[in-house]
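Please read the structure below before turning to the comments.
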Amino acid sequence: MKEELATRYEPSTFEQRIYAAWEEGGYFTPVVDRDRPKFSIVIPPPNVTGRLHIGHALVNTLQDIIARWKRMSGFNTLWLPGTDHAGIATQMVVERKLAEQGISRFELGREKFVEKIWEWKEQHSTEIKDQLTRLGASCDWTRERFTLDEGLSRAVRYVFVKLYEDGLIYRGIAMVNWCPRCRTAISDIEVEFRERNGKLYHVDYPVEGTDRKFTVATTRPETMLGDTAVAVHPDDERYKDLIGKYAILPVANRRIPIIGDAILVDPTFGTGVVKVTPSHDKNDYETGKRHDLPQLQVIGEDGRMTDAAGAEFAGLDRFDARKKIVEMLREQGFLVKVEDHLHNIGVHGKCDTDIEPMVSRQWFVKIEPLAQPAIEAVRSGAVQIVPQAWEATYYNWMENIHDWTISRQLWWGHRIPAFHCPNGHTSVSMEDLAHCPECGAAVAQETDVLDTWFSSGLWPFSTLGWQGAGHDKTPELDVFYPTDTLITGFDILFFWVARMIMFGLRFTGKAPFSQVFLNGLVRDEKGDKMSKSKGNVIDPLDVVNEVGADALRFTLAIATSGRDIPLGKSRIAGYSAFVNKIWNASRFALMHIDVELKNAGPIDRDNLRTVERWILSRINSATAEVNKQLSLFRFDEASGALYKFFWHEFCDWYIEMAKPVLLGRHGSDKDRALAKRVLLEIVDRSLRLLHPFMPFVTEEIWQKLGGVEPSIMIAPYPISEEVLDDPEAERLMNAVKAIITTVRNVRAERGFTPKDRFKLYIRVSEPRDANFFRDNAYVLIELARLTEVSVEGQEPEGAHHDIVEGFPIAIEFPEKQVSQEQLDRVRREIEKSVKELESLDVKLANEQFVRNAPPQIVAGAQARQAELRARLEKLQQNQ
RNA sequence: GCGGGGUUAGCUCAGCGGUAGAGCGUCUCCUUUACACGGAGAGGGUCGGGGGUUCGAUCCCCUCACCCCGCACCA
């Protein structure tokens, strides 16, 4: 064959071509066959809001590694891709874009606006697919799904209706988190807390009919316009006589009752008096219900003051109103003092707007009955969370879970299938209604849509065709559900993972996956979060264009231990050097390999030299390691094992050791043929092992090897074979490597150059070891640059003496040329050995140790003691 | 406040009961026909502090300090 690789590694010349060939080959699409072992995984659907960032690159790389590994390991593998409509997020970006043209969504109207979003969606889901393609993601694009697809929407509707019928969805009035910017309710977990420097305002409230007054403290003085009571602790001696009387609300000049409430008021905190604003504070809302207080809404849905706030304030933005009321309080003498106050403000995570607690009518999921089985699923091990530390977080949240606000006052999303009639009846239905089933009046559909996460919670089964009773047995569900592994960021453990488990158990009777791997956050090299404002963002596509997808993927994999991932350009550069190394080592191999893989035949193991037996043993050990670590989601260990094997064992040692034979400087034709066969074997296995991590470069090279399969991605993944393990070859080659290192080391320290050659003496006691060193003397001679190797004679005096891996050696130098540096080094070496020997002596003299420690530890210590004694003696000759 | 995680070489991190590891960076030497995105070698750590358990602790337990991240928050 002799098809050569390009001299330089240039990923841009082949990556896209290769992806197209995979897609054309249909390798991403599994067969729908329940008799084959399957592996299925669903993508965490990216939002259609925009481009993929480095976090997406990470999670999709990890999924692809697992998918490709499983596929090559013989599993009928489905990786199902798709995107999420991402209600608020998408509506926000489109609104912002329209705002640039001076258009508001209200001008357009609901229908037109939603049309605009669909246009946006079409454009971006194509872009997302392109990006995943550039990354090498082996997704089955024939099964791409979108959360607003017809089938998925039917699934959403079914789940809503069923939960309503089961009494687990209800509509009611409650205090919810309101985002005045997005003008919608949001759920508790969408609120993020930001630490902020604020002010604590102390305000006097006079008590009616007396000259007494209370001082209350508040961070939000504008809400006092909505106060409908002042509360003290019922047992507080200072104030209990005032309960039942009235206070005069400053500025508004309203009478408000003074109430006693033991739950709201902590008498030891502050002044022991609390203003009560039932419409704008969660605790006050509860207090209001307890005392039957009126609600006075002074802040509207748009964050502006209402008419109820008074003519002077109506229409003012809530923050402007704050300034104004503070000014008025000051002028009228009610403002006692203003203090700096550090506190946490709840903001809407999507837009950073301060949340306004707001009483409104919303839809909720009664969550506890769903949470209980989901807790049990993790506790029983039906769902395993990796790293396991996240389980505690999961339980903590699930056990203290609150009802889920699922209605959103948005236009983009699944419209709630409820129908209201003028007579106050509400009907929930799978099919659209025109008339009220109770009274026959015309109905109008609920205008609210569902929280995005309501539909993503169904993703693992809705994407496989599930639509509820009567539509819950598609062939795809039968074969691929439940899925096996879920890989996603820990930040959506509650938003998404927990909800999928709850919905999956409730509606399919099965947990939607058996393992969850939660990956960390990608940070910059200093450990800071990546953000546009900091300017430390790495765009995955830029990296792919610069160094190729394989280098990016490998870097992400080797950085993934389960915690946060520090990623810098220099780190990526380091691993792009590794890809380059693979390219060049393969080029070297291809220069010598002269038979195609499919014609190569089995390796003649009986006639292999130790060097070849050694490298086969090493790759076998790396193979076992990679398979094991991947099954544990230790992407760092798996990729690290390959890095170490390929670079530091195969390239640094094996190729150099094989060169004399391959280049015809040593050995017979038969030796050469065997070396070539093993070289082919190692390259083939290495590429297959590496393929899940670097799909493109491995395919490009592997195509030159002439394998049976049309693509490496459907070639079998190597598994370790006991027959390849060779401890004897490892023992001998370890000695050879260590001796070579020692010679190089001593050469450098004595100031010789690599051109200077010496004679090496090795003392061997076993005849077979002597034979080994005689047969492999050429390896030592070439790699350690020696004149000759003697295994017979007595070592000369004045040479450098040492014991390496149990073999006493001596290096004969042309003349005594010992530098001070060398003498110092020998002295330090001896000191170190003496110290270690002393501690071993003490240890072995300790009866407790000998009695209690495991026998193999004691034996090891004794062996080490003997070795050190012998080595010390040798080293002392060098002084 | 409650829960979780962290503190190991200049940097980023593995290891987690039996002699301190990797990558990157630093220093020295080498253009040896796969690769200078290379090769060879070197230096560098009292494993956050203090107790305890153990024959033996970076690793287990307790405690303190500092740093992250959730959750809940007192007006």
Side-chain angles (χ1 to χ4, degrees), chain A residues 5 7-9 188-189 193 200 216-220 231 264-266 268-277 281 283-284 343-344 346 387 389-393 395-397 400 490-491 493-494 520-521 523 525-527 547 551 558-559 561-568 570-571 573-592 634 636-637 640 643-644 648 651-652 655-656 659 663 740-741 744-749 751-755 782-783 785 821 825 832 835-836 839-840 843 846-854 856-858 860-861 864 868:
Chain A
L5 283 176
T7 316
R8 287 186 43 183
Y9 165 61
D188 290 352
I189 43 174
F193 288 91
L200 191 60
V216 301
T218 178
T219 55
R220 301 195 57 196
L264 181 70
V265 184
D266 171 2
T268 65
F269 186 87
T271 56
V273 187
V274 184
K275 65 194 263 313
V276 185
T277 322
D281 180 277
N283 290 320
D284 293 3
H343 59 155
N344 287 324
W390 287 109
E391 283 182 8
T393 307
Y395 295 135
N396 196 286
W397 188 72
N400 299 291
F490 69 83
D491 51 326
L493 176 60
F494 306 141
L521 198 66
R523 296 171 177 276
E525 58 266 77
K526 291 195 288 274
V547 299
I558 207 163
S561 65
R563 281 212 280 278
D564 282 356
I565 294 151
L567 186 71
S570 67
R571 194 135 187 220
Y575 292 108
S576 74
F578 180 48
V579 188
N580 187 62
K581 186 81 180 175
I582 292 168
W583 184 265
N584 281 297
S586 302
R587 271 182 61 216
F588 172 82
L590 283 164
M591 286 173 190
H592 296 95
R634 287 302 301 259
D636 57 335
E637 295 287 350
Y643 180 96
K644 202 173 164 198
H648 298 304
C651 292
D652 288 351
I655 287 184
E656 295 310 318
K659 271 180 183 173
L663 300 172
I740 291 168
T741 301
R744 285 169 174 169
N745 175 337
V746 176
R747 166 188 280 116
E749 272 158 6
F752 291 104
T753 74
K755 292 192 180 82
E782 293 231 3
L783 271 67
R785 296 184 161 265
E821 194 189 349
R825 175 128 202 295
K832 223 176 101 190
K835 228 173 126 188
E836 195 190 334
S839 90
L840 270 174
K843 206 177 198 179
N846 182 347
E847 272 179 46
Q848 302 262 47
F849 171 72
V850 180
R851 188 149 22 92
N852 295 326
Q856 67 269 30
I857 295 296
V858 178
R864 180 72 185 152
L868 273 174

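Chain identifiers are assigned alphabetically (A, B, ...) following the order of the sequence lines, protein sequences preceding nucleic acid strands; residue numbering begins at 1 within each chain.
- Atom CD in A/E847 sits roughly 14 Å away from atom P in B/G56 (whole-Å rounding).
- A side-chain donor-acceptor contact under 3.5 Å links A/R747 to the backbone of A/R785.
- Spacing of P atoms, B/A22 relative to B/G15, comes out at 15 Å, to the nearest Å.
- Within the 4.0 Å cut-off from OP1 or OP2 of B/C24, at least one side-chain nitrogen or oxygen of A/Y643 is found.
- Separating the CG atom of A/L493 from the P atom of B/G3 is a distance of 19 Å, rounded to the nearest angstrom.
- In this structure, A/K581 fails the cation-pi test against A/Y643, since its NZ or CZ atom is not both closer than 6.0 Å to the six-membered ring centre and inside 45 degrees of the ring normal.
- As rounded to the nearest Å, B/G49 and B/C66 have P atoms that lie 16 Å from one another.
- Here B/C55 presents its P atom at 5 Å from CG of A/N852, a figure rounded to the nearest Å.
- The CZ-C1' distance, from A/R851 to B/G56, rounds to 14 Å in whole Å.
- Few gaps surround CZ on A/R851; more than 12 heavy atoms of other groups in view lie less than 6.0 Å from it.
- For the pair A/P854 and A/R634, nearest-nucleotide mapping onto RNA chain B gives the more 5' position to A/R634.
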- side-chain contact (heavy atoms from CB on, under 4.5 Å) between A/F849 and A/I857, intermediate numbers included: CA-CA 10 Å; A/F849 171 72; A/I857 295 296; 4.0 Å; yes
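- A/N745 places no side-chain N or O within 3.5 Å of a backbone atom of A/T741 that could act as its donor or acceptor partner.
- A/F752 has its side chain out of reach of A/V746: every pair of non-hydrogen atoms, C-beta onward, lies at least 4.5 Å apart.
- Of the possible polar contacts, none joining the A/N580 side chain to the A/S576 backbone as a donor-acceptor pair under 3.5 Å is found.
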- Annotated protein contacts, base or backbone, on nucleotides 32-46 of chain B with a non-hydrogen cut-off under 4.0 Å, one of B, S, - each: B-BB-BSSSSSS---
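- Closest to the A/F849 side chain, of the nucleotides B/G4, B/C55, B/U12, is B/C55.
- When rounded to the nearest whole Å, the span between NZ of A/K755 and P of B/C30 equals 8 Å.
- Nucleotides of RNA chain B nearest to A/A389 and A/E637 differ in position, and the one nearer the 5' end is that of A/A389.
- Taking all atoms of both residues into account, the shortest heavy-atom contact from A/L5 to A/L590 is CG-CD1, 3.6 Å.
- Here the shortest heavy-atom pairing between A/I558 and A/R571 reads O-NH2, 4.3 Å.
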- Task: Produce a footprint string for nucleotides 67-75 of chain B: one letter per nucleotide, 5' end first; B if the base is under 4.0 Å from any protein heavy atom, S if only the sugar-phosphate is, - if neither.
- Result: ---S-BBBB
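- In this structure, A/N846 reaches the sugar-phosphate backbone alone: every heavy-atom distance under 4.0 Å involves primed, P, OP1 or OP2 atoms, never a base.
- More than 12 heavy atoms of other residues, nucleotides or ligands sit less than 6.0 Å from atom CD of A/Q856.
- When rounded to the nearest whole Å, the span between CD of A/E836 and P of B/G56 equals 19 Å.
- Protein atom NZ of A/K644 is 8 Å distant from nucleotide atom P of B/G23, rounded to whole Å.
- For the C1' atoms, the distance linking B/U58 with B/G18 amounts to 13 Å, nearest Å.
- Smallest separation of non-hydrogen atoms from A/T271 and A/V216: OG1-CA, 4.4 Å.
- Minimum heavy-atom separation, A/E836 to A/R864: OE2-NE, 2.8 Å.
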- Task: Taking Watson-Crick and G-U wobble pairs with both distances under 3.5 Å, convert RNA chain B into its dot-bracket string, 5' to 3', dots for unpaired and | for cross-strand pairs.
- Result: ((((((((.[[[[.)..(..]]]].(((((.......))))).....[[[[[..)....]]]]])))))))....
